[in-house]
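All remarks here apply to the structure that follows.
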Amino acid sequence: MTIGIIGAGSMGAGIAQIAALSGDEVILLDQTILAVEKGLEGIKQSLDRLLSKQKISNLEHQEALQRILPTDDAQQLRSASLCIEAVFEDMAVKQSLFSDLEKIVPQDCIIATNTSSLSVTKLASCLRSPERFAGMHFFNPPALMPLVEIIPAAQTALAVTQNLLETATRWGKTAVVAKDTPGFIVNKVARPYYSEAIRMVEEGFATIEEIDEAMTSYGFKMGPFTLMDFIGHDVNFRVTESVWKGFFYDGRYKPSLLQQRLLDAGYLGKKTGRGFYIYDGTTIGELTDFSNEKKETIFWRIISMLVNEAADTVYMGVCSQEDLEKAVTLGVNYPKGLFAWGQELGMARIVENLDAMFLLYHEERYRVCPLLRTLAKL
Ligand SMILES: NC(=O)c1ccc[n+]([C@@H]2O[C@H](COP(=O)([O-])OP(=O)(O)OC[C@H]3O[C@@H](n4cnc5c(N)ncnc54)[C@H](O)[C@@H]3O)[C@@H](O)[C@H]2O)c1
């Protein structure tokens with residue numbers, strides 16, 4: 001198969017590497033030769049690492065690189081049977097690119113977008129043949145993250161979704177199907193991990209260190225504040241904001257002022273040396289002993305919100321329960337699927353916990369999903 005990858009940044013280069021390693025011919029396009037060569041250099045370094053860890057052979061390394069054609073000439077895409085777009089996250093930039101692309105690629109070429117927050121349906125609307133278009137959402141870094149979300153637009157043909165599922169599987173990924181809703185699966189379900197944690201700090205109930213410690217002690221690889229600092233507040237805040245706006249300002253996804261102020265100050269997290277934490281060897285606060293009861297309360301507030309969000313995602317038909325469990329374990333590395341975790345802890349107890357918070361706050365964010373109520377009665 002010949003795959004066109006448009007945009008040789010961190011995502012495009014990673015996707016090109018996966019396709020080439022799987023034996024596909026890749027045309028890697030960027031606006032300038034300099035940009036595409038930078039992307040290619042990244043691929044080479046990544047392949048070098050795989051080689052040194054003996055994950056690939058010398059021959060596989062060589063052949064993968066030979067299969068990638070770097071170019072700044074879009075006409076090269078005329079032989080592609082699948083094009084994946086990974087350019088800047090901007091509706092106008094992407095739509096203008098797709099209109100031009102359709103004039104170059106064959107009539108049966110599938111066009112996919114790696115957008116993480118734009119409406120796939122709206123992107124599709126600028127195409128003359130929107131049925132050939134869908135979302136194919138990889139996670140960062142694509143070469144290592146095993147999950148791919150396939151997002152059919154309202155216009156997408158069934159065969160196109162099927163084809164993308166098969167391609168992702170052939171590339172060694174676990175593919176799940178998500179309805180075209182804000183945040184798709186992972187970026188929607190994960191919101192409370194951050195927002196409920198921030199809420200507890202804003203209320204003065206717990207410190208960032210206590211919350212990180214509580215959540216890692218229950219098996220999460222990173223506490224919410226360490227994770228937000230790692231992702232970067234520019235990225236994390238924007239995802240929250242776009243999910244909130246995308247759901248017509250549903251109070252459940254409301255961004256926080258605390259994180260907004262970090263952005264205002266330019267404290268973007270690890271990459272700028274300061275976010276919630278300071279990365280110069282010192283820390284702002286220190287973890288002092290705190291009670292097990294408090295640790296448990298922190299965990300219960302966050303896990304209840306996550307399980308509720310998972311139930312809502314399935315209830316609203318965004319994906320199947322099975323795909324949701326795959327998405328959270330493979331897309332955000334949660335130690336367990338959220339339905340499995342909820343069952344283990346007791347759905348009834350989770351509902352009780354959320355109802356108690358709703359009673360206290362009278363806020364939308366704590367409303368219980370009808371599916372969760374049903375599950376609690378089983
Ligand atoms: N970085 C992530 O964590 C992540 C994860 C999932 C999805 N995404 C999505 O993937 C897409 C790309 O993200 P990224 O982080 O790789 O961005 P990036 O800024 O690293 O790379 C974008 C590349 O696209 C190129 N480009 C821009 N306009 C172009 C055009 N018209 N034709 C050809 N090339 C063009 C740029 O020169 C740049 O090299 C975005 O839609 C983003 O939302 C990003």
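Computed from a predicted model, the values in this text were never measured in an experiment. Just so you know, ligand 1 is whichever comes first in the structure, and atom 1 is the first atom listed for that ligand. The figures here come from the full heavy-atom set of this structure, side chains too, leaving out hydrogens, waters and symmetry mates.
Contacts between Ile6 and ligand 1, counted as non-hydrogen atom pairs separated by less than 4.0 Å, involve the side chain only. Contacts of Phe139 with ligand 1, taken as heavy-atom pairs under 4.0 Å, are absent altogether. When heavy-atom distances to ligand 1 are checked against a 4.0 Å cut-off, His137 comes that close only through its side chain, counted from C-beta outward.
For atom 17 (O) of ligand 1, no protein non-hydrogen atom is found at a distance below 4.0 Å.
Counting only heavy atoms of the protein, atom 34 (N) of ligand 1 lies nearest to Asp30 OD1, 3.5 Å. Shortest contact from atom 22 (C) of ligand 1 to any protein heavy atom: Ala86 O, 3.7 Å. Shortest contact from atom 13 (O) of ligand 1 to any protein heavy atom: Met11 CG, 3.8 Å. Scanning the protein heavy atoms around atom 40 (C) of ligand 1, the nearest turns out to be Val87 O, 3.2 Å. The protein non-hydrogen atom at the shortest distance from atom 20 (O) of ligand 1 is Ser10 N, 3.2 Å. Closest to atom 1 (N) of ligand 1 among all protein heavy atoms lies Asn140 ND2, 3.7 Å. The nearest heavy-atom contact from the protein to atom 30 (C) of ligand 1 is Gln31 CG, 3.6 Å. For atom 9 (C) of ligand 1, the closest non-hydrogen atom of the protein is Asn114 O, 3.3 Å.
Residues satisfying the side chain to side chain contact (heavy atoms under 4.5 Å, CB included) test with Leu158, not counting sequence neighbours, are none.
Within ligand 1, counting atoms from 1 as listed, the ones closer than 4.0 Å to a heavy atom of Phe88 are 19 (O), 22 (C), 27 (C), 36 (C), 38 (C). Against a heavy-atom cut-off of under 4.0 Å, Ser116 is close to the following atoms of ligand 1: 7 (C), 8 (N), 9 (C), 42 (C), 43 (O). Here is the list of ligand 1 atoms found below 4.0 Å of a heavy atom in Leu97: 30 (C), 31 (N), 32 (N). Atoms of ligand 1 lying under 4.0 Å from at least one heavy atom of Lys94, given by number and element, are 40 (C), 41 (O).
Checked by atom type, the side-chain pair Thr156/Glu131 shows no donor-acceptor distance below 3.5 Å. A side-chain donor-acceptor contact under 3.5 Å links Asn163 and Thr167.
For the atom pair Glu296 CD and Ile303 CD1, the distance stands at 13.0 Å (nearest 0.5 Å).
Phe276 has its ring centre less than 6.0 Å from the ring centre of Phe225. If you look at Phe184 and His137, their ring centroids are closer than 6.0 Å.
Both Tyr277 and Ile211 are part of a single hydrophobic cluster, where members link through side-chain heavy atoms under 4.5 Å apart. With hydrophobic clusters built from ILVMFWY side chains whose heavy atoms lie under 4.5 angstrom apart, Val189 shares a cluster with Val351.
Residue contacts with ligand 1: Glu85 is placed with no nitrogen or oxygen under 3.5 Å of a nitrogen or oxygen of the ligand (distance criterion only). Geometrically, ligand 1 and Gly12 share no nitrogen or oxygen pair separated by less than 3.5 Å.
Residue Lys294 qualifies as enclosed at atom NZ: its count of foreign heavy atoms under 6.0 Å is above 12.
Using bins of under 30°, 30° to 60° and over 60° for the plane-to-plane angle, the ring pair Phe247/Tyr253 lands in the parallel bin.
Listed for the Lys326 side chain is no donor-acceptor partner under 3.5 Å among the backbone atoms of Gly337.
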